[in-house]
2 protein chains.
Amino acid sequence: MRYELYYWPTIQGRGEFVRLALEETGADYVDVARRSGKRGVAAMMKFIEGGRSARPPFAPPFLKAGKLVIGQTANILLYLGGRLGLAPRDEAGRLWVHQLQLTITDLVVLIHDTHHPITGYLYYEEQRAAAKLATKYFWRHRLPKFLRYFERVLANSGGPYLIGRKLTYADLSLFQIVEGLRYAFPKRMKRFERKVPRVVALHDRVARRPRIAAYLASPRRIAFSQWGIYRYFKELDR
Amino acid sequence: MRYELYYWPTIQGRGEFVRLALEETGADYVDVARRSGKRGVAAMMKFIEGGRSARPPFAPPFLKAGKLVIGQTANILLYLGGRLGLAPRDEAGRLWVHQLQLTITDLVVLIHDTHHPITGYLYYEEQRAAAKLATKYFWRHRLPKFLRYFERVLANSGGPYLIGRKLTYADLSLFQIVEGLRYAFPKRMKRFERKVPRVVALHDRVARRPRIAAYLASPRRIAFSQWGIYRYFKELDR
């Protein structure tokens, strides 16, 4: 099966969580909008505009797998998890990994909202005061709560991965959380990392996996920028 | 199987999406924190604090089903959907309904953030200016995009429900979106509803289902208030 991933071609964004799962498992996939340039983006928008499709995706990313078109990042990973060996086979295990992924999804929204708390329809500069306040509370309360939760899950599972010895797509996503926080908040993150050593160790272990390491060093990996979920503003990173 | 729902006892909140699924199907369930008062909330917090549990939930709501403890609203509905007959049996259908639910989940965050765009750790009054701006863009761009999407899904499925003739948990959740918007933004919603007649018709149809109607009229249904996802502020409802 050749999977077709549809996502914005110039940012990691939410598509990156899917790319990491496909890359780690050496899956046969095409990153459609990246390969075909403007034509690829046009093909993506056609799905979104949907016409009479009974099951149109609301937004990228979405995955085409044969006749199936699957939207919502966590839903794509739920689908791929079983097929790519990135989730347990039993129902309880599958639900647990999906639950972890949905908690990561919640965190991703909060991270994005540090720089755009009011709306994505205004520039950062138009909501800077709100962003500063949002960032303050995010780092004081919200992020510690999330990362300490994952730290506890890792402690209880015995690690090195969230469910124990076996890698799942949620581990790849948690790796991406740490990657992005290091980009957006280098100073804050440097101070904070000592409080969540197991999360950091998971990140480092994922980064060393051969296929992930090769991917990160390849041109397939889009660089972080000021247009994704994670953005660097010096004034937010005291 | 007697299900145990754990959620805050005084608000509809995210627990309501689960309550509606349990009520519609006449499932045998206990709303633990509501039934047992302070003891129930203490039992809920014990799960959250987790101790050495290998699979602690991050936050309410979560559902106890036998030995399983399932967290994240959409994940609970994914689990219940198959068991309560509120989702198709085939994989493609299950993924599609879950995809719709995750899109509703995204919308719920945006609705909450109209009154608390900066952080839930500050009062509304401390972020009123940001809330006004967030609300303006929410109503101008975001909400229309979401509700028109569901309108299109209903048009393409033939209705009256999101996948056609059969009710799913996503319909119950979309009902709750309309209910809440009517509470929080009565004037704005009144003007907007004519643009999404299929969504409104779905809401009305769900409200007339015998078990839902009985539930809504019962003391089990908690009233909307100023403490949930949906809050009414006159100044946000021009």
Please state whether the side chain, the backbone, both or neither of [X] comes within less than 4.5 Å of a heavy atom of chain A.
| X | value |
| --- | --- |
| B:Leu68 | side chain |
| B:Ser53 | backbone |
| B:Arg152 | side chain |
| B:Ile163 | neither |
| B:Glu91 | side chain |
| B:Lys67 | neither |
| B:Phe150 | neither |
| B:Leu78 | side chain |
| B:Glu49 | backbone |
| B:Ile48 | backbone |
| B:Tyr149 | side chain |

Specify which of B:Thr135, B:Leu162, B:Thr119 makes the most heavy-atom pairs with chain A at under 4.5 Å.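 Going by pairs under 4.5 Å, I would pick B:Thr119.
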
Counting heavy-atom pairs closer than 4.5 Å to chain A, which one of B:Thr114, B:Thr105, B:Asn156 comes out on top?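 Maximum pair count with chain A is reached by B:Asn156.
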
Contact leader toward chain B among [options], where contacts are heavy-atom pairs under 4.5 Å:
| options | value |
| --- | --- |
| A:Leu122, A:Ile70, A:Asp113, A:Val109 | A:Leu122 |
| A:Gly120, A:Ala129, A:Ala92, A:Ala131 | A:Ala92 |
| A:His98, A:His141, A:Arg140 | A:His141 |
| A:Tyr79, A:Tyr137, A:Trp96, A:Phe138 | A:Trp96 |

Do we see a donor-acceptor contact under 3.5 Å between the side chains of A:Gln101 and B:Asn75?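 Side chains of A:Gln101 and B:Asn75: no pair found under 3.5 Å.
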
Is it true that a side-chain atom of B:Gln99 and a backbone atom of A:Gly71 form a donor plus acceptor pair closer than 3.5 Å?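 At least one qualifying donor-acceptor pair exists.
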
Engaged part of A:Ser157 at the chain B interface, taking heavy atoms whose separation is under 4.5 Å: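 For A:Ser157, no heavy atom lies under 4.5 Å from chain B.
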
Using non-hydrogen atoms and a 4.5 Å limit, figure out which bit of A:Leu100 sits close to chain B: side chain, backbone, both or neither.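 When you check distances to chain B, no heavy atom of A:Leu100 falls under 4.5 Å.
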
Point-to-point distance, once rounded to the nearest 0.5 Å, from [atom1] of [X] to [atom2] of [Y]:
| X | Y | atom1 | atom2 | value |
| --- | --- | --- | --- | --- |
| A:Thr73 | B:Leu102 | OG1 | CG | 9.0 Å |
| B:Lys132 | A:Ile118 | NZ | CD1 | 12.5 Å |
| A:Asp106 | B:Phe58 | CG | CZ | 7.5 Å |

Would A:Lys136 and B:Tyr121 count as a cation-pi pair here, with the cationic atom under 6.0 angstrom from the ring centre and within 45° of the axis?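 Not flagged: A:Lys136 not positioned over aromatic ring of B:Tyr121.
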
